[in-house]
Amino acid sequence: MSFADYWSHYTEVKPMLMFLALSLAFSVICVFYILMIVFVKSRFVEKRERRLFYYEKAHDTIQRFYEMVFAGASILSFLAIYYLIDRFSPDGDFRDWWDRYKDMLLLLMICLSIVFNNILDRLIIPLKKITREERGSVRLLGMLYVILIFAYIKFIYENDNYDGFIMYFLGLMIGRFIYFDASFRDGIKTMLDALRNFPLLILGLAYTGFMAYTGFTSGYLLVGNGVLVSTFIAHIFMIVAIFIIHHSRFMYIFARKPRTVAEKPVYEPVYEPYEGIEDVDYETDDDGYYYDE
């Protein structure tokens with residue numbers, strides 16, 4: 001199949017909407033699962049702080065889950081583009097230029113993937129609840145997320161086409177920790193923070209696995225254009241589903257912000273005249289004092 005054939009297949013309206021509906025349904029399931037876990041944890045918090053803990057923890061955890069999906073999609077984006085260019089570029093001047101500089105272009109695409117990640121989590125779907133440290137640790141977990149996807153492709157699909165990518169990312173992860181002393185210590189702290197998000201990694205892999213399984217079995221995702229590209233296409237639908245959930249403010253139905261003391265309405269007492277007392281007219285003298293007429 002040519003690139004035009006793949007494009008016409010993936011842009012067919014009915015299968016595309018059905019696949020988006022599946023992605024949206026499983027996104028909602030993931031959100032409810034996180035809310036349920038946070039609700040159970042909130043039972044062990046003091047009652048007066050329970051609602052605030054539930055609100056803050058629920059939104060923070062859900063946004064960390066979103067960030068991990070974004071990090072994985074950003075990495076898969078430039079790998080998929082690299083794979084498509086390498087596969088579909090015809091022979092000629094561009095092919096010669098690509099074969100000569102493709103390693104350097106891969107590094108450039110990595111930088112562009114970081115920009116793409118920042119656009120996703122700061123502009124398109126702003127994630128304001130997570131801190132800078134949490135963002136860094138989750139993005140590191142996103143690298144492990146992609147490596148595990150590659151491992152699944154290699155050992156389950158028995159596809160060895162991405163071995164170079166696997167070694168490349170392992171090198172990036174190792175280099176992040178052992179290049180300088182300070183970087184090593186900071187890297188260990190980041191790794192420990194990433195391990196605290198390990199349940200989100202399992203949830204993200206389950207989400208990706210569900211999308212890949214339903215996509216391949218239904219015939220919407222095609223193995224012929226590369227499992228890596230199909231996995232990235234699945235992540236595009238996941239991002240669209242997250243966009244719908246986030247901007248519809250669906251979570252605020254189940255995780256509302258508790259009202260603080262300053263936000264509670266202040267009720268002014270209403271004074272009514274006593275019954276049986278007639279109204280008395282008062283006037284003021286020249287000095288402004290009231291006197292009974």
Side-chain angles (χ1 to χ4, degrees), residues 1-12 15-16 19-20 23 68-121 123-124 139-140 142-176 204 208 211-212 215-216 219-240 242-243:
M1 293 176 67
S2 64
F3 182 80
D5 294 330
Y6 285 120
W7 178 261
S8 62
H9 170 80
Y10 285 119
T11 54
E12 192 175 347
M16 184 172 60
F19 197 59
L20 177 60
S23 178
M68 192 190 64
V69 174
F70 296 163
S74 300
I75 296 172
L76 290 172
S77 66
F78 76 83
L79 292 178
I81 293 172
Y82 180 91
Y83 176 84
L84 289 173
I85 294 175
D86 192 63
R87 176 176 175 179
F88 289 105
S89 59
D91 294 333
D93 294 338
F94 177 79
R95 184 70 194 188
D96 296 336
W97 178 82
W98 171 259
D99 290 337
R100 181 179 301 177
Y101 297 108
K102 63 181 180 180
D103 292 334
M104 296 179 61
L105 293 172
L106 182 60
L107 293 175
L108 176 61
M109 289 180 182
I110 292 175
C111 298
L112 293 177
S113 73
I114 298 172
V115 175
F116 178 57
N117 199 343
N118 289 334
I119 292 173
L120 279 175
D121 63 13
L123 296 178
I124 298 178
R139 288 187 179 184
L140 176 63
M143 295 181 66
L144 179 59
Y145 169 84
V146 173
I147 290 174
L148 291 176
I149 291 175
F150 281 143
Y152 181 83
I153 294 173
K154 177 178 176 60
F155 296 109
I156 302 300
Y157 282 97
E158 299 181 353
N159 189 331
D160 299 331
N161 293 333
Y162 307 113
D163 289 354
F165 287 146
I166 295 174
M167 297 304 299
Y168 189 82
F169 277 103
L170 286 175
L172 283 177
M173 292 188 68
I174 294 172
R176 179 170 182 174
T208 304
M211 293 294 294
F216 288 128
Y220 183 72
L221 296 179
L222 302 175
V223 181
N225 64 306
V227 180
L228 174 64
V229 177
S230 295
T231 306
F232 171 62
I233 292 172
H235 276 75
I236 293 176
F237 283 88
M238 293 161 66
I239 291 173
V240 174
I242 290 173
F243 177 87

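On a predicted model such as this, the values are computed, not experimentally measured, just so you know. In this chain, numbering begins with 1 at the start of the sequence shown.
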Practice problem: Measure the CG-OG distance between L120 and S77 for me, rounded to the nearest 0.5 Å. | Solution: 8.5 Å

Quiz item: How about I85 and L105: do any of their side-chain heavy atoms sit closer than 4.5 Å?
Solution: no

Quiz item: Taking the six-membered ring for Trp, is the centroid-to-centroid distance between H235 and F116 below 6.0 Å?
Solution: no

Quiz prompt | Interatomic distance, L144 atom CG to I149 atom CD1 [nearest 0.5 angstrom] | solution = 10.0 Å

Quiz item: Which value, rounded to the nearest 0.5 Å, describes the distance between N117 atom CG and L112 atom CG?
Solution: 12.5 Å

Practice problem: Determine the minimum heavy-atom distance between M16 and Y10, stating which atoms define it. | Solution: SD-O, 3.8 Å

Quiz item: Among all residues two or more places apart in sequence or in another chain, which pass the side-chain hydrogen bond (donor to acceptor under 3.5 Å, both in side chains) test with W98?
Solution: D86

Quiz item: Parallel, tilted or perpendicular: which fits the ring planes of Y220 and F237, with parallel below 30° and perpendicular above 60°?
Solution: perpendicular

Exercise. Would you check if the side chain of S113 reaches a backbone N or O of I110 as a donor-acceptor pair within less than 3.5 Å?
Key: yes

Exercise. Would you kindly say whether T208 and Y152 are connected by a side-chain donor-acceptor distance under 3.5 Å?
Key: no

Quiz item: What class does the angle between the rings of Y101 and W97 fall in, given that below 30° is parallel, 30 to 60° is tilted and above 60° is perpendicular?
Solution: tilted

Quiz item: Can you check whether F19 reaches L221 side chain to side chain, under 4.5 Å on heavy atoms?
Solution: yes

Self-check item: Residue pair S230 / N225, side-chain heavy-atom distance below 4.5 Å
Solution: yes

Quiz item: Do other residues, nucleotides or ligands put more than 12 heavy atoms under 6.0 Å from D93 CG?
Solution: no

Quiz item: Hey, what do you get for CZ (F70) to CG (N118), rounding to the nearest 0.5 Å?
Solution: 12.0 Å

Self-check item: Separation between CD1 of I147 and CE of M143, rounded to the nearest 0.5 Å
Solution: 6.0 Å

Quiz item: What are the two closest non-hydrogen atoms of M211 and S23, and how far apart are they?
Solution: CE-CB, 3.4 Å

Exercise. Give a yes or no answer on whether the side chain of Y6 reaches the backbone of L222 with a donor-acceptor pair at less than 3.5 Å.
Key: no

Exercise. In plain terms, say whether D99 and R95 are close enough for a salt bridge, that is, a side-chain N and a carboxylate O under 4.0 Å apart.
Key: yes

Quiz item: What are the two closest non-hydrogen atoms of A71 and G142, and how far apart are they?
Solution: CB-CA, 4.1 Å

Self-check item: Side chain proximity check, C111 to F78, heavy atoms < 4.5 angstrom
Solution: no

Self-check item: Residue list, salt bridge (Lys or Arg N to Asp or Glu O under 4.0 Å) with K154, at least two apart or on another chain
Solution: D160, D163

Quiz item: Tell me, do Y83 and F232 make a side-chain contact under 4.5 Å, heavy atoms counted?
Solution: no

Quiz item: With distance as the sole test, does T231 use its side chain to make a donor-acceptor pair with the main-chain N or O of V227 at under 3.5 Å?
Solution: yes

